Amino acid sequence: MNPEVRVRFAPSPTGYLHVGGARTALFNWLYARHCGGKFILRIEDTDKARNTQEAVQVILDGLNWLGLTWDEGPNAGGEFGPYFQSERESIYERYFQQLKSANHLYEDNGAWRFRSPREIVVVDDLICGRIEFDLTNPETHPDMTIRRPDGSWIFHFVNVVDDIEMKISHVIRGEDHLSNTPKHLELFKAIGCTPPRYGHIPLILNKDGSKMSKRDAGASITTYIEEGYAPEAVRNYLCLLGWSPKDNREKLELEETVRLFDLEKVNRKNAHFDLDKCLWLNGQYIIQMPLDRFCELSLPFINKAEIQYGSIDSLLPVLAIVKEKIKHLTEVPHWVSYFFTEEYTFDPEAIHKTLGNPNAPERLRTLASAFKNTDSWDLASIEASLKATATQLGIKAGELVAPTRVAVSGRASGPSLYHMLEILGRERTISRMNTTADTKCSPAA
RNA sequence: GACCCUAUCGUCCAGUGGCCUAGGACACUCCCCUUUCACGGGAGUAACACGGGUUCGAAUCCCGUUAGGGUCGCCA
């Protein structure tokens, strides 16, 4: 526990939240929670042309979806705000004047550059170790620009100023910033402040090792939201990219991850992104989550598909038998829809393969009338009735199950048939079976 | 090109000098379970990039090569 720990995620609003950025945010968040410190969100919107309110919202939505709540930042307040760089002009101006009067700056074609002290700078990185950078050669390490001729600010400068002002203790960021760090250290020194500790985490690349760009599958957090991933599963998968609990476990609860997480245990190798494994974890989470959580996550997709499920009480039993089949939440409407309408569609291939059997209509009608006479309508009596009818017809139970499944659902696959029929009810089951026998089957031979 | 980081199955992660005939997971193949599809259970294919050292002993330490990634902006 170290309540002095203050970390930040400082994204630029580019219109999407990159999966690598999300993991950076996650590692910062985990570190803050692990230490009992603070997690700060700062929006680096100095590039006025590119930044929009919508682009900011995408980031906030993504972080909220993943459950990465921030202690200070947009909509959260905090004593070191504002948390948008576009609103911190006067602060930058103050530091700018300080550096200028100490003769660290010079003008070059209207822009302002920082005069490098030309030294060997040591970065003592929490993850990468001790690294020496030789900045003595101006040819290979030109002085950095910190302010444009139009008065706007450059990333390196505002990033450092804000980390000072916001009392950031640890900077956990992508390895793409490792080579920038000595420059930042020069700035801290010139300003006269102790720099934070740095930890550069490896990058996330595509499965083939290429750089992940906006269009690549899985690159944007928005796609996980829209394609029906459970946030806890995505969070878990992201944890495993560059970090592990060291005991071969894959599925880890958040509380435990917070307890075990440490920067020293983050590895230094770039990770290749594997959407298949993420999807597997998603299925694991869904199958093991409580029914009410599954319902909560499914509802947006069910509503979007405009399924008239009536009440939650009538939806819940259906979700219960369908839950173990779901990999993407987007699949829920597909498995659920036919319980709530008589207008369900038939898969042409199922009609051809199963209902095309010349015996299908007779078998459906025979079973339907057997169903009419069962004492009660529960799992056991449905099963007993079906098996007795199969015996009576001299066929295997499976030969009765298949056409019945297609008749009541229009599909060749689905949840346990007995469970389906129980939920559907006796009347609807019989009606669907007879209607199907009349209208969907080939004429009996 | 210069500088920096990295290098274990196709992928993610274990492994920090002997317990490694290298372990787990995803994916893939096969088998079992089963009314379907899944789930679950079992088995299998598959890796220490290469070359030098150091050491009684190296996936683990050192050097080099190669490969991948990053940075070198008046982008962030």
Side-chain angles (χ1 to χ4, degrees), chain A residues 10-14 21 44-47 49-51 85 108-113 123 125 127-129 131-135 137 139-142 144-150 152-156 158-159 173-183 200 202-211 237 239-251 267-281 283-284 286-288 322-327 331 335 350 354 383 386-387 390 396-406 409 411-418 420:
Chain A
S12 176
T14 56
E44 305 222 328
D45 56 348
T46 55
D47 187 352
R50 257 162 67 182
N51 301 318
Q85 289 189 329
D108 175 18
N109 282 323
W112 288 89
R113 289 176 179 274
V123 175
D125 195 274
I127 295 165
C128 299
I131 305 160
E132 278 188 15
F133 290 89
D134 183 349
L135 305 191
N137 186 350
E139 299 294 316
T140 56
H141 296 87
M144 70 179 132
T145 305
I146 66 160
R147 188 174 203 180
R148 302 185 188 90
D150 68 0
S152 60
W153 309 98
I154 301 294
F155 159 75
H156 303 292
V158 292
N159 188 265
R173 55 176 20 170
E175 196 201 88
D176 50 338
H177 284 297
L178 185 55
S179 301
N180 289 150
T181 306
K183 295 185 207 172
H200 288 90
L203 270 17
I204 298 178
L205 309 174
N206 284 314
K207 194 164 183 184
D208 66 4
S210 63
K211 187 171 178 171
Y237 178 70
C239 286
L240 263 19
L241 253 28
W243 176 86
S244 87
K246 309 291 181 196
D247 59 5
N248 286 339
R249 283 180 304 156
E250 312 286 332
K251 187 168 181 269
N267 71 30
R268 301 150 85 172
K269 192 174 73 167
N270 288 166
H272 292 199
F273 189 78
D274 183 5
L275 199 54
D276 281 337
K277 185 152 181 177
C278 185
L279 185 60
W280 168 77
L281 252 182
Q284 291 294 305
I286 288 173
I287 206 167
Q288 291 171 33
V322 132
K323 184 163 161 273
E324 63 187 24
K325 311 186 67 60
I326 305 296
K327 278 272 177 62
E331 299 158 16
W335 295 116
T354 306
E383 182 171 355
L386 183 140
K387 285 185 171 163
K396 290 188 288 184
E399 293 180 86
L400 220 38
V401 166
T404 305
R405 175 186 298 288
V406 176
S409 73
R411 321 275 165 77
S413 69
S416 153
L417 180 71
Y418 307 129
M420 280 169 67

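Chain A is the first sequence line, chain B the second, and so forth, proteins listed ahead of strands; every chain is numbered from 1. Since this is a predicted model, take the numbers as computed values, not measurements.
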- Task: Could you tell me whether A/Lys211 contacts a base, only the sugar-phosphate backbone, or nothing, with contacts defined as non-hydrogen atoms closer than 4.0 Å?
- Result: sugar-phosphate
TODO: Check if the side chain of A/Thr404 and the base of B/U35 share a donor-acceptor pair of N or O atoms closer than 3.5 Å.
DONE: no
**Asked** Considering only the C1' atoms, how many Å lie between B/A7 and B/A49, rounded to the nearest integer?
**Response** 7 Å
Measuring only the C1' atom in each nucleotide, how far is B/U65 from B/U6? A whole number of Å is fine.
15 Å
Against the side chain of A/Ser244, the closest entry in B/C72, B/U35, B/C13 is B/C13
Q. Within the structure shown, what part of the strands sits under 4.0 Å from A/Tyr237 by heavy-atom distance: base, sugar-phosphate, or nothing?
A. nothing
Of the listed B/A76, B/U35, B/U36, the closest approach to the A/Asn180 side chain comes from B/A76
Residue set satisfying ring-ring contact (aromatic ring centres under 6.0 Å, His included) with A/His141, at least two apart, ordered chain then number -> none
A/Lys396 meets the salt bridge (charged side-chain N to carboxylate O under 4.0 Å, His left out) criterion, sequence neighbours left out, with none
Report which part of the nucleic acid A/Pro245 touches: base, sugar-phosphate, or nothing (heavy-atom distance under 4.0 Å, all strands). nothing
Using Watson-Crick geometry (N1-N3 plus N6-O4 or O6-N4) or G-U wobble (N1-O2, O6-N3), each under 3.5 Å, B/C28 is paired with B/G44
Regarding the side chain of A/Pro149, the nearest nucleotide among B/A14, B/C74, B/U35 is B/C74
The ring-ring contact (aromatic ring centres under 6.0 Å, His included) partners of A/Trp335 (sequence neighbours excluded) come to none
| Which part of the nucleic acid does A/Asp247 contact within heavy-atom distance under 4.0 Å: base, sugar-phosphate only, or nothing? | nothing
Hits for side-chain hydrogen bond (donor to acceptor under 3.5 Å, both in side chains) against A/Arg148, two or more places apart or cross-chain, chain-then-number order -> A/Ser152
* Considering only the C1' atoms, how many Å lie between B/A22 and B/A47, rounded to the nearest integer? -> 9 Å
So what does A/Gly242 hit on the nucleic acid, given a heavy-atom distance under 4.0 Å: a base, only sugar-phosphate, or nothing?
sugar-phosphate
Atom pairs under 3.5 Å, N or O on each side, protein against nucleotides 3-7 of chain B: can you list them with distances?
residue: B/C5; atom: O2'; partner: A/Glu175; partner atom: OE2; Å: 3.3
residue: B/U6; atom: OP1; partner: A/Arg268; partner atom: NE; Å: 2.6
residue: B/U6; atom: OP1; partner: A/Arg268; partner atom: NH1; Å: 3.3
residue: B/U6; atom: OP1; partner: A/Arg268; partner atom: NH2; Å: 2.2

By nearest-heavy-atom nucleotide on RNA chain B, the more 5' of A/Val401 and A/Asp176 is A/Val401
Using atom P in both nucleotides, what's the gap between B/U66 and B/C74 to the nearest angstrom?
32 Å
Against the side chain of A/Arg405, the closest entry in B/U36, B/A76, B/C74 is B/U36
Across all chains, not counting sequence neighbours, the salt bridge (charged side-chain N to carboxylate O under 4.0 Å, His left out) partners of A/Lys277 are A/Glu250
Write down the distance separating the C1' atoms in B/C33 and B/A14, rounded off to the nearest Å.
-> 31 Å
Against the side chain of A/Lys183, the closest entry in B/C72, B/A76, B/C26 is B/C72
message = Please report the distance separating the P of B/A46 from the corresponding atom of B/C63, rounded so that it comes out in whole Å.
response = 34 Å
Next item on the list: Quote, to the nearest angstrom, the P distance that separates B/G53 from B/A58.
Entry: 12 Å
Distances under 3.5 Å between protein N/O atoms and the N/O atoms of nucleotides 38-48 of chain B, please, pair by pair.
residue: B/G40; atom: OP1; partner: A/Gln284; partner atom: NE2; Å: 3.0

Per side-chain hydrogen bond (donor to acceptor under 3.5 Å, both in side chains), A/His200 is matched among A/Asp176, A/Asn180, A/Asp125 by A/Asp125
By side chain to side chain contact (heavy atoms under 4.5 Å, CB included), A/Pro403 pairs with (sequence neighbours left out) A/Thr354, A/Leu355, A/Leu364
In Watson-Crick or G-U wobble terms, with both distances under 3.5 Å, the base opposite B/C75 is none
Separation of the P atoms in B/C9 and B/G23, to the nearest angstrom: 14 Å
Taking every heavy atom of A/Ser210 against every heavy atom of A/Leu205, the minimum-distance pair comes out as O-CB, 3.4 Å
- Tell me what A/His177 touches on the nucleic acid: a base, only sugar-phosphate, or nothing, going by heavy atoms under 4.0 Å. base
Considering only heavy side-chain atoms of A/Lys246, the closest of B/A2, B/A14, B/U36 is B/A14
Of A/Gly414 and A/Asn267, the one whose closest nucleotide on RNA chain B sits nearer the 5' end is A/Asn267
Give A/Ser152 one of three labels, base, sugar-phosphate or nothing, depending on what nucleic acid heavy atoms sit under 4.0 Å from its own. nothing
Residues at least two apart in sequence or cross-chain that pass ring-ring contact (aromatic ring centres under 6.0 Å, His included) with A/His156, listed by chain then number, are A/His184
